[in-house]
2 protein chains.
Amino acid sequence: MTTYATELALREAGLRATRQRLTVLDALRGRGDTVTAQDLHMELRQAGEPIGLTTVYRTLAALADAGFLDTFDREGEQAFRLCGDAHHHHLVCETCNTVEEITAEEVERWVHEVASARGFSVTGHRADIFGVCPACRG
Amino acid sequence: MTTYATELALREAGLRATRQRLTVLDALRGRGDTVTAQDLHMELRQAGEPIGLTTVYRTLAALADAGFLDTFDREGEQAFRLCGDAHHHHLVCETCNTVEEITAEEVERWVHEVASARGFSVTGHRADIFGVCPACRG
DNA sequence: GTTGTTGCAAAGAATTTGCAACATA
DNA sequence: TATGTTGCAAATTCTTTGCAACAAC
């Protein structure tokens with residue numbers, strides 16, 4: 001179900017709306033967990049989608065670069081996940097890799113207090129919580 | 001200046017106090033920035049220390065596993081840094097890779113509030129701030 | 001038509017493993 | 001001495017690049 005809005009969003013980011021990019025975005029849309037390029041490529045191929053591994057790597061990098069995806073590190077591998085527009089943090093289930101987005105004014109405030117107290121100019125920050133989700137605990 | 005305390009700490013963690021491990025710990029002790037296995041190996045070799053790359057990898061992994069080191073991701077590469085005992089967060093200079101440790105009761109509190117509100121059991125959390133330190137801004 | 005994109009094959013880089021020699025406890 | 005550790009070389013794995021065919025605008 002590729003929406004027209006998706007194509008617009010891609011163009012806005014200076015990316016052509018190719019079949020492969022729409023495929024990747026569609027695949028990402030359904031899921032709340034993180035995926036690596038390798039994972040996603042295999043899934044898409046198994047689902048019959050013709051797409052190259054190189055393209056999956058490049059697409060995920062481009063989408064992350066354009067702010068469509070959040071990035072995570074799964075021990076050496078880079079994993080990605082579709083994200084909302086606003087800045088947020090993450091509640092990550094270490095068992096199923098599902099990610100819930102959380103906002104936190106408390107953290108934002110803390111970030112600027114700490115940084116300015118030490119004379120740092122802030123370029124970014126990240127606050128993630130790791131745990132096991134209710135579903136995985138059974 | 002390999003202290004006896006260092007050797008004890010290693011044994012406590014179930015690791016033998018080998019020359020290589022003490023060398024790595026010594027090298028790490030002096031610095032406030034993060035290093036990768038490749039970096040550290042090269043530095044040690046250049047300093048005349050005989051140590052294998054494999055060993056540096058294994059040593060850093062073991063030390064991190066034992067809680068001696070904090071780990072960071074420098075785009076694909078894993079970087080390490082000696083850390084204090086207590087739980088803390090990081091103020092990272094993206095220019096020189098120096099890390100200042102920061103404590104944050106506010107964040108701890110926030111972590112448990114958010115997690116329990118969603119039924120997650122917490123296994124860990126991490127709050128890092130990225131920026132440019134006063135020295136690098138000149 | 002132009003220019004960005006794709007995908008294969010090959011290259012590159014980081015990291016891990018097999019295994020015999022070796023050092024620590 | 002028994003067992004954990006080392007380090008080389010080789011193998012793995014993740015990721016990137018060259019380049020010609022191709023698709024989007």
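What you see is a predicted model; the values in this text were computed from it and never measured. Lettering follows sequence order; numbering is per chain, from 1.
Candidate nucleotides C:dC8, D:dT6, C:dT6 were compared by shortest atom distance to the side chain of A:Gln20, and C:dT6 ranks first.
A salt bridge is defined here as a Lys NZ or Arg NE, NH1 or NH2 lying under 4.0 Å from an Asp or Glu carboxylate O, and A:Arg109 with A:Glu105 fails to meet this definition.
Between A:His88 and A:Glu100, the side chains place no donor N or O within less than 3.5 Å of an acceptor N or O (distance only, hydrogens not considered). Side-chain contact check for B:Arg74 and B:Thr34: at least one donor-acceptor pair (N or O, by modelled atom type) lies under 3.5 Å. Between the side chains of B:Glu94 and A:Thr123, at least one donor N or O sits under 3.5 Å from an acceptor N or O.
A:Val56 approaches A:Ala37 most closely through the heavy-atom pair CG1-O, 3.5 Å.
Separating the CG atom of B:Leu60 from the P atom of C:dA14 is a distance of 14 Å, rounded to the nearest angstrom. The separation between B:Ile51 atom CD1 and D:dG7 atom C1' is 10 Å, rounded to whole Å. D:dA23 atom C1' lies 14 Å from atom CD of A:Glu7, rounded to whole Å. Atom CZ in B:Arg45 sits roughly 10 Å away from atom C1' in D:dC8 (whole-Å rounding). Nucleotide C:dT15 holds its P atom 12 Å from the CG atom of B:Leu40, rounded to whole Å. As a whole-Å value, the separation of B:Asp39 CG from C:dA13 P is 14 Å. If you take NE2 of B:His41 and P of C:dA13, they are 17 Å apart, rounded to a whole angstrom. The nearest whole Å value for the distance from the CZ atom in A:Arg74 to the C1' atom in C:dA14 is 18 Å.
The main-chain N or O of B:Pro50 is found under 3.5 Å from a side-chain atom of B:Arg19 such that the two form a donor-acceptor pair. Side chain of A:Arg21 to main chain of A:Arg16: a donor-acceptor pair is present (N/O by atom type, distance under 3.5 Å, no hydrogens or angles).
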For nucleotides 20-24 of chain C, give me every protein contact, N/O to N/O, under 3.5 Å, one pair per line with atom names.
unit_1	atom_1	unit_2	atom_2	d
C:dT24	O2	B:Arg16	NH1	2.8

List, with names and distances, any nitrogen or oxygen atoms from the protein found under 3.5 Å away from nitrogen or oxygen atoms belonging to nucleotides 10-16 of chain D.
unit_1	atom_1	unit_2	atom_2	d
D:dT15	OP1	A:Gln78	N	3.1
D:dT15	OP2	A:Tyr57	OH	2.7
D:dT15	O5'	A:Tyr57	OH	3.4

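B:Glu106 is listed as a side-chain neighbour of A:Glu113, based on a closest heavy-atom distance under 4.5 Å. Looking at A:Gln78 and A:Leu60, their side chains never come closer than 4.5 Å, going by heavy atoms from C-beta outward.
Axis deviation across the helix from C:dG1-D:dC25 to C:dA25-D:dT1 amounts to 50°, comparing end segments of five pairs, rounded to 10 degrees.
Ring pair A:His87/A:His125 is tilted by interplanar angle, where 30° to 60° counts as tilted.
Among B:Asp26, B:Asp39, B:Leu53, B:Thr23, the one residue that satisfies the side chain to side chain contact (heavy atoms under 4.5 Å, CB included) test with B:Leu44 is B:Thr23.
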